[in-house]
Novice: 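The structure's right below; bear with me while I get my questions together.
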Amino acid sequence: MKNIIKDNINDILKTRYLSYAVSTIISRSLPDLRDGLKPVHRRIIYSMYLLKLFNNSSFKKSARIVGDVMGKFHPHGDQAIYQSLVRMAQDFSSRVTLIEGQGNFGNIDGDNAAAMRYTEARLEEITELFFDGIEEDSTTFSENYDGQNLEPDVLPSKLPNILLNGASGIAVGMATNIPPHNLSELNECIIQLIKKPNSSDSELIKHIKGPDLPTGGEIILNPKEKKNIYKKGFGSFLIKSKWHDEKIKNGMYEIVITEIPFQVNKIKIIEQLANLINLKKLPLDDVRDESDENIRIILKPKNRNIDKNKLVDLCFKLTDLSVKYSCNFNVLDKGRIPKQLGLKSILSQFIDFRKTTIKRKSKFNINKNNQRLEILKGYLIVFANLDKIIKIIRNKEDPKKEIIKVFKLLEIQADAILNMRLGSLKKLDEFNINKEIKKLKELNTNLKKLINNEHYLNKFIMKETNDITDSLDENIKLRRSIVNTNDDYDLDIKIDEFTEIEKFNVLLSKNNLLKKVKDYSDNNKENNNDISKAIPVSSNHKLLLFLSSGKVMTLDPNLLPGGKANPKSYIELVNVGVDEKLIAVFNANTQEKLIFITKFGKGFISISENMITNQKKGKNIINLKNNDELLNVHHYKNDHLAMTSKNQKLLIFDTSILPTLNKGAGVQLMKIKEKDCIIDTSLFDLKEGLFWNKGSKLKSLKDIDFWIGKRAQVGKKIPKGFNKNLKFNS
């Protein structure tokens, strides 16, 4: 091997990768601010220009165009070139199509275009605005990849295409995502900026409602985000589908989607809706695609009582009927430097570019006119000295040299005189020459004004911009997307809101078995001694299951067996540990206050609704220490708590002083000595007295002042006749 590179591998990789990154940014992924085109798009349009595929010419096969682009300017894959050509012809991809296609160029369903050998294309009429003075030195040219042809570095476009059609691309370390806009609004901005170059961002934004997408839809863009996007060049907005409802028989209705978000595949949306219907996550019976050239997606709700606005909001939340579009105005400044720019910077530089192209074109035409003037002056010399010139031509060996010497002519004038036809020597032609000279001098005067007079140049660009707006087709001029500046738009809606609410009771047995029943009353409880508690709930409520470990589990009551089915143990319904026992069950959605009491006398008050959790492992409510465990949970509807301890002590105190916490260790309710613990608790009404069960009898104690104390006291000896097991409910 002769060519051995002796260098550090890290340095080589850095250099090579940097070259690759720069090439990717400049030559592939980011659009040029001036004409808004990436190299591949520019080369396609220029190749079609060379093939004279204008809007008034016949179509040519796409394969011929792709072949020219690949052979002359873009030595990459033919499919990459063809796909770029196709996108410029798709009215759902480009706000203003630059290429007119004939044949199958794909559709919004995501179907691919036909092969390039089948399709044909030519330039749209508006695309001719990209070639303003391209043959009059209005832009610079560089050699192509093999040096055999010249290609324009940038097309001298009259259109602010960078914002008109937008752009998207991913380079190395940077990306761009610019949404399309309305040309009439952009032209208004350009005129505003020419009239007042120091216009603020707020003044410019008044002329731009927001992006204008090829597929229409509704854009949710609040004023703050709009200012952020157009001032700094980054931000985001929401795109919603357009819809309306249609009445059908029996009071039913259907939702009709007529426009979908930009860059979203229609078939994908329908698949998403169908899957969600199968999973019962949408209250829909069916989704149908009745689209032709216009989009028409039909959503059939389950019943007529479903709120159509809430239904559509849920569809927007769960599918691509509503999407977020992130903006990143990353462009190539002067074709070389990647920059993130705002609206004002982009349009200001576009105006500067237009001024440069107009001045270059004007200088070229002045020089061209001056050459023509010299020739015309030579023609006038012929008419003034016709006989003498004819004599020189007939008699001299080198008439050109002699004419230049005698009449002090330029070589170009002498060549033009000698190339004149005899038929051009009529008197009428002399008059026409003088007329043409006058006209050319007037043209030169105006062209010099464009070069030297900034005010005149500004007026020229403003007139040109207004003429472009006036000549636009209505389809281009009219805005397609509605912009909604609503600042509080929210899609916080759930499938639960569409479920028909059913009321029933959850029965808890003494063996901690659970079941749901529709019809239940206190009489049923008396007839069935096995039932320890009946909890009224609705189908949209949740149950709270409190375990001895201090955890609370959330359970959907709809999952419980009903009717004649056997009840289920809580162990089958929630994830519980070996040593975790069920302490209590409550309705989570009643906003009830609950009081927690542990075995070692700790406790506090909490609100049931704050305890709901989606976690399968549950939620810790009370922090337990030293083998403590949750003993009781009471519905806090009375304000006096009675507690019995293992040491046969009874303490009664007012619970209104207890803290209300979401979670925590709580405070000491009853002082517990070593080897002592709480046996039972009862929350009761002081006026009614204290009750407990003894065998089959209900005992009561009205005079309880002796046992009333303060929180955290030891308590006093239990009253005579109290249960030996020290429980209020034996």
Side-chain angles (χ1 to χ4, degrees), residues 30-36 94-96 157 159-169 174-240 261-263 323-334 337-354 461-462 465 469 476-489:
L30 296 190
D32 193 306
L33 180 149
R34 297 167 292 180
D35 61 7
S94 302
R95 178 61 183 84
V96 176
S157 172
L159 300 173
N161 187 55
I162 189 70
L163 292 170
L164 172 60
N165 276 322
S168 64
M174 60 183 64
T176 186
N177 206 28
I178 305 171
H181 289 77
N182 185 275
L183 183 53
S184 299
E185 293 175 12
L186 290 173
N187 284 347
E188 284 179 26
C189 260
I190 288 169
I191 290 168
Q192 166 71 22
L193 208 49
I194 292 171
K195 285 180 178 176
K196 189 181 174 185
N198 59 348
S199 295
S200 66
D201 293 289
S202 300
E203 287 175 311
L204 286 178
I205 290 169
K206 287 178 185 176
H207 298 281
I208 298 264
K209 292 180 182 176
D212 190 20
L213 310 173
T215 52
E218 182 182 358
I219 293 169
I220 308 297
L221 181 62
N222 65 60
K224 183 181 176 183
E225 197 65 40
K226 180 180 177 182
K227 192 170 183 179
N228 205 41
I229 290 169
Y230 291 116
K231 186 176 181 180
K232 299 177 182 176
F234 63 86
S236 62
F237 56 86
L238 200 68
I239 312 170
K240 285 171 46 182
F262 181 46
Q263 294 177 331
V323 297
K324 189 177 183 181
Y325 189 100
S326 296
C327 298
N328 185 4
F329 288 21
N330 221 340
V331 295
L332 288 177
D333 183 9
K334 296 173 184 161
I337 307 158
K339 280 185 181 179
Q340 191 171 58
L341 302 173
L343 176 68
K344 184 177 179 180
S345 298
I346 289 172
L347 292 182
S348 295
Q349 291 190 44
F350 173 74
I351 293 166
D352 291 342
F353 169 64
R354 281 297 301 138
I461 296 173
M462 284 193 287
T465 305
T469 303
I476 297 172
K477 195 181 289 187
L478 291 176
R479 170 169 272 280
R480 292 185 193 176
S481 297
I482 297 170
V483 178
N484 185 348
T485 56
N486 192 352
D487 201 21
D488 57 354
Y489 181 75

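All of these numbers come straight from a predicted model, not from anything done at the bench.
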Novice: Between Asp212 and Arg95, does at least one N-O distance fall below 4.0 Å, as a salt bridge requires?
Specialist: yes
Novice: To check you understand the geometry: which heavy-atom pair defines the closest contact between Pro160 and Asn187, and what is its length?
Specialist: CD-OD1, 4.3 Å
Novice: Are Ile178 and Leu163 side-chain neighbours, meaning at least one heavy-atom pair lies under 4.5 Å?
Specialist: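 Yes, their side chains come closer than 4.5 Å.
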Novice: Can you find a pair of side-chain heavy atoms, one from Pro179 and one from Cys327, that are under 4.5 Å apart?
Specialist: yes
Novice: Check Glu185 against Gly210 and note the closest heavy-atom contact, atom names and distance.
Specialist: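 Heavy atoms of Glu185 and Gly210 come nearest at OE1-O, 4.0 Å.
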Novice: Taking side-chain contact (heavy atoms from CB on, under 4.5 Å) as the criterion, tell me which of Leu347, Ile162, Val331 meets it with Leu341.
Specialist: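 Per the side-chain contact (heavy atoms from CB on, under 4.5 Å) rule, the option paired with Leu341 is Val331, out of Leu347, Ile162, Val331.
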Novice: Enter the distance from Ile219:CD1 to Leu213:CG here, rounded to the nearest 0.5 Å.
Specialist: 4.0 Å
Novice: So which atom in Cys189 and which in Leu343 form the shortest heavy-atom distance, rounded to 0.1 Å?
Specialist: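 Between these two residues, the closest heavy atoms are SG-CD2, 4.2 Å.
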Novice: Is there a side-chain contact between Arg34 and Ser157 in this structure, where contact means two heavy atoms from C-beta onward sitting under 4.5 Å apart?
Specialist: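 SC-SC contact between Arg34 and Ser157 ruled out.
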Novice: Count the heavy atoms belonging to other residues, nucleotides or ligands that lie under 6.0 Å from NZ of Lys477, then report whether that count exceeds 12.
Specialist: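 More than 12 heavy atoms, drawn from other residues, nucleotides or ligands, come within 6.0 Å of this atom.
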Novice: Are Phe350 and Ile190 packed together at the side-chain level, in the sense that at least one heavy-atom pair is separated by less than 4.5 angstrom?
Specialist: yes
Novice: Where do Asn177 and Ser326 come nearest, in terms of heavy atoms and distance?
Specialist: ND2-O, 2.8 Å
Novice: Between Gln340 (side chain only) and Asn328 (backbone N and O only), is there a donor and an acceptor less than 3.5 Å apart?
Specialist: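 No; zero donor-acceptor contacts below 3.5 Å.
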Novice: Flag the pair Leu159 / Val96 as yes when at least one side-chain heavy-atom distance between them is below 4.5 Å, and no otherwise.
Specialist: no
Novice: Atom CG in Asn161, atom CG in Leu186: separation rounded to 0.5 Å?
Specialist: 10.0 Å
Novice: Do Asn182 and Lys209 have side chains that get closer than 4.5 Å, going by heavy atoms?
Specialist: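 No - every pair of side-chain heavy atoms lies 4.5 Å or more apart.
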Novice: So, does Thr215 use its side chain to make a donor-acceptor pair with the main chain of Phe262 at under 3.5 Å?
Specialist: yes
Novice: Give the minimum heavy-atom separation between Val483 and Pro211, together with the two atoms involved.
Specialist: CG2-O, 4.2 Å
Novice: Can you tell me how far the OG atom of Ser200 sits from the NZ atom of Lys344, to the nearest 0.5 Å?
Specialist: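 With rounding to 0.5 Å, OG (Ser200) is 7.0 Å from NZ (Lys344).
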Novice: What's the separation between atom OG in Ser184 and atom CD1 in Ile208, rounded to the nearest 0.5 Å?
Specialist: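 Result: 10.5 Å between the selected atoms.
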Novice: Closest approach of Ile194 and Met462, non-hydrogen atoms and distance?
Specialist: CG2-CG, 3.8 Å
Novice: With no hydrogens and no angle check, is any side-chain donor or acceptor of Asn330 less than 3.5 Å from a backbone partner on Ala175?
Specialist: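 It does hold such a pair.
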Novice: Output the distance between atom CG (Leu238) and atom NZ (Lys324), rounded to the nearest 0.5 Å.
Specialist: 8.5 Å
Novice: State whether the number of non-hydrogen atoms from other residues, nucleotides or ligands found under 6.0 Å of Lys206 atom NZ is greater than 12.
Specialist: no
Novice: Any chance you could measure Phe329, atom CZ, to Leu33, atom CG, to the nearest 0.5 Å?
Specialist: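 Those atoms lie 11.5 Å apart.
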